[in-house]
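First up is the structure itself, then whatever we jot down about it.
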Amino acid sequence: MVNVILPDCIIHDILARLPTKVLYRCKCVSKHWNSLITDPYFIKMRKRQMILLPSSPIQVLDDNYPNDDMANLMFKLPSPYRNPQNNDVIFLGTVNGIVLLVVNYTRMILYNPFTGASKLLPYPISDLACGSNHIYGFGYGATLDDLKILRFDQSAFYAHQSAFYARDYDILHVFRFRTNSWSMSRNYNIKNILIKDNDVGTFLNVSLHWIVYKYQMMIMALNLENMVLSYIPLPVPGSGHNTRSRLATLHGRLCIIDSNYYGQTRLFVSVMKEQGVWSEQCLFISGLEVINIQGFAPPLTLLNDGRILMMNNSKKLIIYDTLKHSFKVLELSEKLYYDEKHSCGLSVIEYVETLVSPSDFFAV
């Protein structure tokens with residue numbers, strides 16, 4: 001029997017075509033294969049982008065495969081925390097392929113889904129804070145070495161702990177990776193605002209953005225370079241008026257997705273061309289009645305290529321292509337952490353495979 005040894009370049013080419021789920025297994029074949037898969041050249045050659053879903057354990061949607069290939073289209077990730085079942089998971093965002101998540105409102109974890117590496121961060125605890133309703137953010141100022149995590153808290157307990165009662169958020173915790181420490185400020189004093197419980201800011205161009213109600217609906221923006229708050233008017237009066245509104249980014253611009261159902265599903269996508277100047281497009285989605293359109297929750301997010309990710313009450317994911325007016329339907333294997341009444345602004349995130357270590361963030 002003749003032993004055939006394939007050159008590494010050919011093995012690289014074969015491995016680069018494999019689904020991510022299969023690639024995870026291939027890392028265990030041998031030390032040599034593991035070194036090939038974790039080679040920076042190999043990762044750059046793959047450039048595989050996936051969608052992470054906030055379930056426990058975390059699910060991955062590898063949208064590079066056809067609908068009928070469910071074995072590779074969706075799979076579960078190794079858990080970066082103990083007891084992976086029945087946890088509330090919130091994604092705060094991703095930078096350089098590292099995902100920041102909050103588990104059960106008590107732990108913050110930096111996680112690389114590709115390598116499985118993770119790092120537990122200290123969690124801010126304040127004797128002044130009341131309740132578990134926070135406002136989160138993750139981003140940086142002019143450069144990456146100004147990377148920050150933010151958490152706004154309430155300092156007074158409210159009798160009506162509901163997503164639909166206004167509150168005061170007057171405590172700001174900031175974690176700076178540069179110093180590996182939290183600081184607390186009471187200078188922001190955000191009074192009498194209505195915002196989704198545990199909402200997550202949308203990061204774009206050194207600022208975090210949230211939809212809030214303060215006398216009227218508007219966008220609250222925090223500049224992470226100078227830490228100054230400002231407010232941006234919404235496209236038209238009444239837009240962003242309920243929990244069916246989502247902030248997102250599209251081609252480097254801030255946008256809002258609104259949805260409603262009056263005999264047919266309509267999505268209103270407004271893109272901010274410059275500060276306070278919006279363009280709006282109304283999209284009529286057809287063909288979804290076969291999967292119970294009346295049971296639809298709001299759009300989860302707008303993907304980077306303009307497709308819209310939605311979910312209905314039977315826990316099916318729908319990816320709607322706004323250019324082709326076509327869609328694919330996916331069955332979930334685990335329940336997502338998603339509830340319309342207490343929904344998080346950033347329900348899912350797009351992730352690009354990387355070899356960056358969570359520990360590297362403390363040396364940026």
Side-chain angles (χ1 to χ4, degrees), residues 20 24 49-62 74-125 132-140 147-153 173-177 180 182 196-203 208 210 246-248 300-301 303 309 311 317 332-339 342-362 364:
T20 301
Y24 278 123
Q49 182 165 294
M50 293 169 292
I51 302 168
L52 299 189
L53 307 174
S55 59
S56 190
I58 296 170
Q59 295 178 85
V60 176
L61 170 57
D62 191 345
M74 296 190 70
F75 59 94
K76 301 173 187 177
L77 286 175
S79 175
Y81 44 85
R82 295 181 180 179
N83 303 320
Q85 301 297 329
N86 302 319
N87 287 291
D88 290 337
V89 178
I90 304 173
F91 293 135
L92 300 196
T94 177
V95 174
N96 283 359
I98 299 297
V99 178
L100 175 63
L101 49 93
V102 174
V103 181
N104 292 336
Y105 314 107
T106 58
R107 286 174 288 171
M108 282 187 177
I109 300 174
L110 286 174
Y111 178 48
N112 184 326
F114 182 70
T115 65
S118 63
K119 183 176 180 62
L120 182 66
L121 299 179
Y123 196 76
I125 299 176
S132 60
N133 299 319
H134 311 294
I135 305 174
Y136 293 103
F138 182 43
Y140 52 90
L147 188 63
K148 300 181 179 83
I149 305 171
L150 284 80
R151 195 188 80 182
F152 285 99
D153 293 342
H173 297 277
V174 179
F175 181 84
R176 291 176 170 82
F177 285 82
N180 190 21
W182 287 93
K196 302 183 186 87
D197 290 349
N198 299 298
D199 202 5
V200 180
T202 298
F203 177 67
L208 287 162
W210 301 265
R246 290 287 179 271
L247 280 177
L300 297 178
T301 193
L303 302 176
L309 186 64
M311 184 176 69
L317 280 179
L332 290 169
S333 59
E334 300 288 340
K335 180 182 178 182
L336 293 189
Y337 175 64
Y338 176 82
D339 176 72
H342 300 93
S343 62
C344 298
L346 187 61
S347 300
V348 300
I349 59 174
E350 291 184 88
Y351 162 79
V352 179
E353 292 175 346
T354 181
L355 294 175
V356 175
S357 167
S359 298
D360 293 343
F361 273 47
F362 297 90
V364 294

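Remember, it's a predicted structure, so these values are computed and weren't measured experimentally.
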Q. Looking at K119 and S359, what are the two nearest heavy atoms and their distance?
A. CD-OG, 4.1 Å

Q: Dump the intermediate steps for side chain to side chain contact (heavy atoms under 4.5 Å, CB included) on L92 and L101, then the final yes or no.
A: CA-CA 6 Å; L92 300 196; L101 49 93; over 6 Å; no

Q | Centroid-centroid distance, F177 to Y140, less than 6.0 Å | A | no

Q) Within a strict 4.5 Å, meaning less than it, do heavy atoms of the H173 and D153 side chains meet? A) yes

Q.
Contact between I51 and L303 at the side-chain level, heavy atoms closer than 4.5 Å - yes or no?
A. yes

(Q) Just to verify, what does Y351 make a side-chain hydrogen bond (donor to acceptor under 3.5 Å, both in side chains) with, not counting sequence neighbours? (A) N112

Q: Could you check if a side-chain atom of L52 sits within less than 4.5 angstrom of a side-chain atom of V348, using non-hydrogen atoms only?
A: no

Q. For W182, what residues pass the ring-ring contact (aromatic ring centres under 6.0 Å, His included) criterion, not counting sequence neighbours?
A. F175

Q: Please confirm whether the backbone N or O of P124 pairs with a side-chain atom of R151, one donor and one acceptor, at under 3.5 Å?
A: yes

Q | Minimum heavy-atom distance I349-G93, with the two atoms named | A | CD1-O, 4.2 Å

Q: Report yes if some heavy atom in the side chain of T354 is under 4.5 Å from a heavy atom in the side chain of N96; otherwise report no.
A: no

**Q.** F138 side chain reached by V95 side chain, heavy atoms, under 4.5 Å
**A.** yes

**Q.** Test item: side-chain donor near acceptor, H134 and N198, under 3.5 Å
**A.** no

Q: With the side chain counted from C-beta on, respond yes when L150 and Y136 share a heavy-atom pair under 4.5 Å apart, and no when they do not.
A: no

Q: State, yes or no, whether a side-chain contact exists between V99 and P113 at a heavy-atom distance under 4.5 Å.
A: yes

Q.
Any heavy-atom pair between the side chains of M50 and L61 that's under 4.5 Å?
A. no

(Q) Show the nearest heavy-atom pair for residues S118 and Y111, with the distance to one decimal. (A) CB-CD1, 4.1 Å

Q. What do the steps show when you test L77 against Q59 for side chain to side chain contact (heavy atoms under 4.5 Å, CB included), and what is the final call?
A. CA-CA 6 Å; L77 286 175; Q59 295 178 85; over 6 Å; no

**Q.** L53 to I58 - nearest heavy-atom pair and separation
**A.** O-CG2, 3.6 Å

Q.
Taking side chain to side chain contact (heavy atoms under 4.5 Å, CB included) as the criterion, tell me which of V103, L120, L121, I90 meets it with M108.
A. L121

Q: Over 60° means perpendicular and under 30° means parallel, so classify the ring planes of W210 and F152, tilted if in between.
A: perpendicular

